[in-house]
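Heavy atoms only: backbone and side chains are in, while hydrogens, waters and symmetry mates are out. All of these numbers come straight from a predicted model, not from anything done at the bench.
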2 protein chains.
Amino acid sequence: MMDSSKTARLEQMVVALRKTSHRITPQRLAVLEILAESHAHPSVEKIYQQLRDRFPTMSIATVYKTVSILKEIKQVLELGFPDGSNRYDGNKPFPHPHVICTKCRTIFDPELDTLVDLTLEVARQTGFSITAHRLDFFGLCGNCQEFHHDG
Amino acid sequence: MMDSSKTARLEQMVVALRKTSHRITPQRLAVLEILAESHAHPSVEKIYQQLRDRFPTMSIATVYKTVSILKEIKQVLELGFPDGSNRYDGNKPFPHPHVICTKCRTIFDPELDTLVDLTLEVARQTGFSITAHRLDFFGLCGNCQEFHHDG
DNA sequence: TTTTCTGCAAATGCTTTGCATGGGA
DNA sequence: TCCCATGCAAAGCATTTGCAGAAAA
């Protein structure tokens, strides 16, 4: 991916914050940078760890608050998990499928056709007005298949 | 649905417990009955509430423990949500799509073609060995569209 | 200068765990 | 009888909240 697109994505997020009357602080900008550049779907904890070098006094609560705002203004997609290992996608903040390794917790974005047909079929069948969806595939990634240790 | 199929499903769960050396207690049997008969995808709290009449001294921890065992032996499907409002499906304890009302939290099972094609495509693209998936559609049910109050 | 944000700590809420008593098989 | 299950309370843990001082605009 070109560097300009990362910058472009960051700029989109900054503009979205400004439009909703949120201030741009150094801490927030740093969170935005990580979310705009990373394709690893980082957790709040991961974001926090990456920021501790630049902001030694930073609180993890600030990361939580920033991510919460980004969710509200739809600039980040939350991949929530019941065990509390939530992950965040700042590159594509709209519903799309994910492939998740149940061992090493790596998350990829597969290239699949959209689910518009399925969504329409569900709406027709159930009378729901569908506004979002979530599609996750679970399994072992190539690396974890190859080196499958015990435990 | 015929009554016999409910009984049949209950019997399957009992057999599965016995095969894995788990004891059949009145409390466990009651949890199994609710999971086998309900199509509402009940939460642990809901199961607990329905059991308090018959078992006044019952602990919610017992419901958690029973559901946990059923998960292990694949006799219940857990629909986990990051806000802790987990729901359980004892009728179809295998991956299948769900339609979820974001207002009243009703959950339906739409009749959709299986995702075998998509699963194979994901495996081909990513090199994963896919073992499970999760597909949720979110929106407003017919009733909540009609009577959409504030708050 | 005003309003919002940060950082710390306490609170929250679902779920899990430890342990003594009770009950299946 | 021998283990396992129950019920109670305490612990766990990611996330949220309250608040006083700091900083954006």
Side-chain angles (χ1 to χ4, degrees), chain A residues 13-32 34-35 41-73 75-88 105, chain B residues 13-35 41-73 75-76 78-88 105:
Chain A
M13 298 172 94
V14 170
V15 168
L17 275 183
R18 288 223 172 85
K19 277 188 178 172
T20 49
S21 304
H22 290 99
R23 293 177 179 170
I24 310 298
T25 66
Q27 292 94 330
R28 279 189 182 163
L29 195 57
V31 172
L32 264 56
I34 290 177
L35 285 170
H41 309 80
S43 64
V44 162
E45 180 66 34
K46 262 279 164 27
I47 297 172
Y48 176 57
Q49 287 170 5
Q50 292 186 51
L51 263 46
R52 297 201 69 157
D53 299 321
R54 291 168 58 190
F55 303 89
T57 69
M58 187 163 184
S59 169
I60 197 169
T62 298
V63 183
Y64 274 109
K65 286 166 183 168
T66 301
V67 167
S68 183
I69 292 170
L70 293 175
K71 273 194 290 179
E72 278 179 31
I73 63 178
Q75 290 298 310
V76 77
L77 179 72
E78 181 179 59
L79 292 180
F81 296 94
D83 68 342
S85 64
N86 293 1
R87 305 279 286 266
Y88 297 89
R105 289 272 138 191
Chain B
M13 296 172 95
V14 171
V15 168
L17 275 184
R18 287 223 173 86
K19 277 188 178 173
T20 50
S21 304
H22 293 284
R23 293 177 180 169
I24 310 299
T25 66
Q27 293 94 329
R28 280 190 182 163
L29 195 57
V31 172
L32 263 56
E33 284 172 8
I34 291 177
L35 284 170
H41 307 79
S43 63
V44 163
E45 180 65 35
K46 263 275 162 33
I47 297 171
Y48 176 58
Q49 288 170 7
Q50 292 185 52
L51 263 44
R52 297 201 70 156
D53 300 319
R54 291 167 59 190
F55 302 89
T57 68
M58 186 164 187
S59 168
I60 197 169
T62 298
V63 183
Y64 274 107
K65 286 167 183 168
T66 301
V67 167
S68 183
I69 291 170
L70 293 175
K71 274 194 288 177
E72 279 180 29
I73 64 178
Q75 289 299 308
V76 76
E78 180 178 59
L79 292 180
F81 296 95
D83 68 343
S85 64
N86 294 0
R87 305 278 286 268
Y88 297 88
R105 288 272 137 189

*Just how far, in rounded Å, is C1' of C:dC14 from CG of B:Asp83?*
10 Å
*Could you state the atom-to-atom distance from CZ of B:Phe55 to P of D:dA5 in whole Å?*
16 Å
*Return no unless some side-chain N or O of A:Thr25 is found under 4.0 Å from OP1 or OP2 of D:dA24.*
no
*Which listed nucleotide (D:dA9, C:dC5, C:dT15) is nearest to the side chain of B:Ala61?*
D:dA9
*Taking only side-chain nitrogens and oxygens of B:Asn86, does any of them come within less than 4.0 Å of OP1 or OP2 of C:dT15?*
yes
_B:Arg87 side chain vs B:Leu79 backbone, donor-acceptor pair below 3.5 Å_ = no
*Could you tell me the separation between the OG1 atom of A:Thr20 and the CD1 atom of A:Ile69, rounded to the nearest 0.5 Å?*
7.5 Å
*Can you tell me how far P of D:dA25 sits from NZ of A:Lys19, to the nearest Å?*
17 Å
*Residue whose nearest DNA chain D nucleotide is more 5′ - B:Met58 or B:Pro82*: B:Met58
*Provide, to the nearest angstrom, the distance between the CZ atom belonging to A:Arg18 and the C1' atom belonging to D:dA24.*
11 Å
_Just the rounded figure in Å: distance from P of D:dG7 to CZ of B:Arg28._
11 Å
*In whole angstrom, what separates B:Tyr48's OH from C:dT15's P?*
14 Å
*Ignoring hydrogens and geometry, is there a side-chain-to-backbone donor-acceptor pair from B:Thr66 to B:Thr62 under 3.5 Å?*
yes
*Check the distance between D:dG18's C1' and A:Tyr64's OH and give it to me in whole angstrom.*
18 Å
*Contact class for B:Ile24 vs. all strands (heavy atom < 4.0 Å): base, sugar-phosphate, or nothing?*
sugar-phosphate
*Please state whether the base of D:dC3 and the side chain of B:Arg23 form at least one donor-acceptor pair under 3.5 Å?*
yes
*asked:* Using a 4.0 Å heavy-atom cut-off, does B:Gln27 contact any base of the nucleic acid, only the sugar-phosphate backbone, or nothing at all?
replied: sugar-phosphate
*asked:* For B:Lys65 and A:Thr66, find the nucleotide of DNA chain C closest to each by heavy atoms; which residue's nucleotide sits nearer the 5' end?
replied: A:Thr66
_Interatomic distance where CG belongs to A:Leu29 and P belongs to C:dC5 [whole Å]_ = 15 Å
*Over all heavy atoms of both residues, which pair between A:Val67 and A:Tyr88 is shortest? Give the atoms and the distance, please.*
CG1-CE2, 3.4 Å
*So which one's nearest nucleotide on DNA chain C is more toward 5', A:His22 or B:Lys71?*
A:His22
*Give a yes/no answer on whether the side chain of A:Thr62 brings an N or O atom under 4.0 Å of OP1 or OP2 in C:dG7.*
yes
*asked:* If you compare all heavy atoms of B:Ala30 against all heavy atoms of B:Phe55, which two are closest, and at what distance to 0.1 Å?
replied: CB-CE1, 3.7 Å
